[in-house]
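Note that the coordinates shown come from a computational prediction; the quantities given were computed from them, not determined experimentally. Hydrogens, waters and symmetry mates play no part in the numbers below; they use all other heavy atoms, side chains included. Numbers restart at 1 for each chain; the letters A, B, ... are given by sequence-line order, proteins then strands.
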Amino acid sequence: MGGRDATMVLLDENGIRCDGRKVDEPRRIMIKAGGLKNADGSAYIEFGDNKILVGVFGPRDVHPKHMSNTDTGILRVRYHMEPFSVGERKNPAPSRREIEISKVIKEALEPAVMLDKFPRTAVDVFIEVLQADGGTRCAALSAASVALADAGIPMRDMVAACAAGKVADTIVLDVNNEEDQAGQADMPIGYMPNLEKITLLQLDGVLTPEEYTKCVQVGVDGCKIVYDIQKKALQDKYFGNGGDQN
Amino acid sequence: MTSSVLDDLKKSQILELLEQGKRVDGRALDEPRAISIETNAIPKANGSARVRLGETEVICGVKIQPDRPFPDMGDKGIFICTAELLPLSHPTVETGPPGPDVIELARVVDRGIRESHMIDVSQLVIEKNKSVVGVFADNVVVDYDGNLFDACSYAATAALLSSKTPKWNWIDDTPTLVEGEETPVPIITIPVSVTMAKIGNHIIVDPNGDEWASMDSRITITTDSDGNICALQKGGSDGFSQDDVNRCGQISIQVGAKIREKLKQAQMAGQ
């Protein structure tokens, strides 16, 4: 991941972070619903310098057949990083990290998707990280929710995601790559704002019990910001200027 | 995976009991199963432990050997923790490369110990930027009855607490073993993971095999000796409310403190 700049100031005396943000300010977020012709639903997200494309297929026949479930549809998620998405070329084969993130994102989306309406089928979510800059799993999860909605798959809510963390002894929203490398804790959160349910939650780094509670709160508040941007992306496509139907 | 009629019956029985505040094996909701820890079970390893958590059984062996440092980490030793499900642990386990469940297990156990900074890796340097000490804690699951996250975590922690590291000197550009000089692995804190399952609206500590198969979602929280929270992983196909997440944090600190005492006792007994 390259060397760290030991002299970098993570948080200055005015409470401004290394990329100019305030402690409770997320990076610039842009989400576009649709964009892919062949996928049943798709979305593209830019979350700071992260650039991620998501395509959704289904509900469709399950292959291999033994994976199908007569009681419910199944959700399958592949999170994948392109070899050129990070500083040093990444081996294109799925790493253990990517397999774990695929699983965590799948389990974050499952509570939102009404799979029981489509027994014996599969919904496939393909996440491609084109450029990574810290917080890809949250950006990917947010985009995947929009892509599922774009595919017209019945959902209870959308999952919005954002990380909180601890940088220079302060709880901050949306930890970037530099802050993650040098920071003290990173807590990615996925949250369904209407159902008030946390569906993705991880943490690495040391927090006191008070900081832990605050970190969850800051992250949930961040998810609500992301949620508004997700809704706007769908509104822009389906109710916006003339409706670009791709 | 289609659930069998038997699984459905078990789940409804577990849920019915929980409505009355009871569990299938008679434990309190926040009560872990009996833990037995035997250290130095594998004398050829540099440290080891055989841990039983109820009927789940894990053996962890620690091997310590010189290694090249990671790039940019020339002033730090290496710590790696793995976990593997052996085919003899359950009839459904097959040989072959690990699936997502086992990959997650190994990564969560490793992360809990790593993020707590249990081992002072800055003391594990033989020659800066050239050679460092590598500490490898490998868990194997030999019998399955739910909650492998905690069983593997306790086994790895107990094994590391019992580990002694040989000493190497840097002579002629190679790490050279100094005979007869072994010291305990430098330990800063004792991490303890506590896994909780949500079944219906109930949160239970240390789910056994049947409870594991019936849960809606789970959360694994690791705390350190100072009562800080240092790693967390949510899993399973449902979510938690913010209140649940805060409550699980408190439970993990309380239950973790008791289990930490057992790990310390096992360390003393092994010396």
Side-chain angles (χ1 to χ4, degrees), chain A residues 1-4 66-72 74-75 77 88 94-104 106-113 115 157 159 181 185-192 195-213 215-217 219-220, chain B residues 1-3 8 70-73 82 97-108 110-112 114-117 188-189 191 198 216-250 252-254:
Chain A
M1 285 282 177
R4 321 174 176 161
H66 69 83
M67 284 183 79
S68 82
N69 187 329
T70 48
D71 296 331
T72 177
I74 60 167
L75 186 68
V77 174
E88 212 163 289
S95 65
R96 291 166 65 87
R97 174 181 169 275
E98 286 167 290
I99 292 168
E100 186 204 336
I101 293 180
S102 300
K103 181 173 189 285
V104 170
K106 175 180 92 96
E107 291 174 346
L109 289 169
E110 273 173 340
V113 185
L115 292 161
D157 198 354
V159 184
Q181 299 291 310
D186 182 23
M187 180 190 271
I189 298 184
Y191 183 68
M192 297 193 287
L195 298 176
E196 298 184 344
K197 240 181 193 180
I198 294 169
T199 68
L200 181 146
L201 186 62
Q202 293 180 292
L203 164 71
D204 44 50
V206 179
L207 297 174
T208 65
E210 296 74 31
E211 287 169 341
Y212 169 74
T213 306
C215 209
V216 175
Q217 184 64 52
V220 164
Chain B
M1 280 224 282
T2 311
S3 57
D8 290 347
F70 287 117
D72 297 349
M73 303 277 271
T82 74
D101 288 352
V102 179
I103 289 175
E104 184 192 21
L105 168 68
R107 288 177 59 85
V108 169
D110 178 277
R111 202 179 298 147
R114 184 182 301 279
E115 293 298 333
S116 74
H117 307 293
I188 294 175
T189 191
K198 191 173 152 210
D216 299 307
S217 48
R218 62 174 155 81
I219 192 164
T220 299
I221 303 181
T222 305
T223 54
D224 66 17
S225 298
D226 296 325
N228 295 316
I229 291 169
C230 44
L232 182 154
Q233 179 95 344
K234 176 256 164 190
S237 307
D238 198 1
F240 287 91
S241 72
Q242 206 175 330
D243 285 346
D244 284 341
V245 169
N246 288 331
R247 196 153 69 83
C248 287
Q250 288 162 6
S252 71
I253 294 169
Q254 288 156 8

Below 4.5 Å from any heavy atom of chain B, which atoms of [X] appear? Answer side chain, backbone, both or neither.
X: A/Glu210; value: neither
X: A/Val216; value: both
X: A/Leu207; value: both

Interchain contact, [X] with chain A, by part (heavy-atom threshold 4.5 Å):
X: B/Pro71; answer: neither
X: B/Asp101; answer: both
X: B/Ile103; answer: both
X: B/Asp224; answer: side chain

Handout entry: Contact leader toward chain B among A/Thr208, A/Asp204, A/Leu195, A/Ile99, where contacts are heavy-atom pairs under 4.5 Å
Key =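 Winner by heavy-atom pair count: A/Asp204.
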Would you name the heavy atoms of [X] and [Y] that are closest together and state the gap between them?
X: B/Ile221; Y: A/Tyr212; value: CD1-OH, 3.7 Å
X: B/Gly239; Y: A/Pro111; value: N-CG, 4.2 Å
X: A/Pro209; Y: B/Ile253; value: CG-CD1, 3.6 Å
X: A/Glu100; Y: B/Arg107; value: OE1-NE, 2.5 Å

Handout entry: A/Glu107 side chain vs B/Gly236 backbone, donor-acceptor pair below 3.5 Å
Key =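 Confirmed, A/Glu107 side chain pairs with B/Gly236 backbone.
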Exercise for the section: Please answer whether the main-chain N or O of A/Thr199 pairs with a side-chain N or O of B/Lys234 as donor and acceptor at a distance below 3.5 Å. Expected result: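 Yes.
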Problem - Nearest-0.5 Å distance that lies between atom OG1 in B/Thr82 and atom CZ in A/Arg96 - result: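 So the OG1 of B/Thr82 and the CZ of A/Arg96 are separated by 8.0 Å.
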Exercise for the section: Look up atom CG in A/Leu200 and atom CD in B/Gln233, then write down how far apart they are to the nearest 0.5 Å. Expected result: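 These two atoms lie 8.0 Å from each other.
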Practice task
Report yes if the side chains of A/Gln217 and B/Gln242 come closer than 4.5 Å at any heavy-atom pair, otherwise no.
Solution key: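 Yes - at least one pair of side-chain heavy atoms lies under 4.5 Å apart.
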Practice task
Taking the side chain as every heavy atom from C-beta outward, state whether A/Lys197 and B/Asp238 have any atom pair closer than 4.5 Å.
Solution key: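 The answer is yes, as the side chains (C-beta and beyond) meet within the 4.5 Å cut-off.
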Exercise for the section: Under the side chain to side chain contact (heavy atoms under 4.5 Å, CB included) rule, what do A/Glu211 and B/Asn228 come out as? Steps first, then yes or no, please. Expected result: CA-CA 9 Å; A/Glu211 287 169 341; B/Asn228 295 316; over 6 Å; no
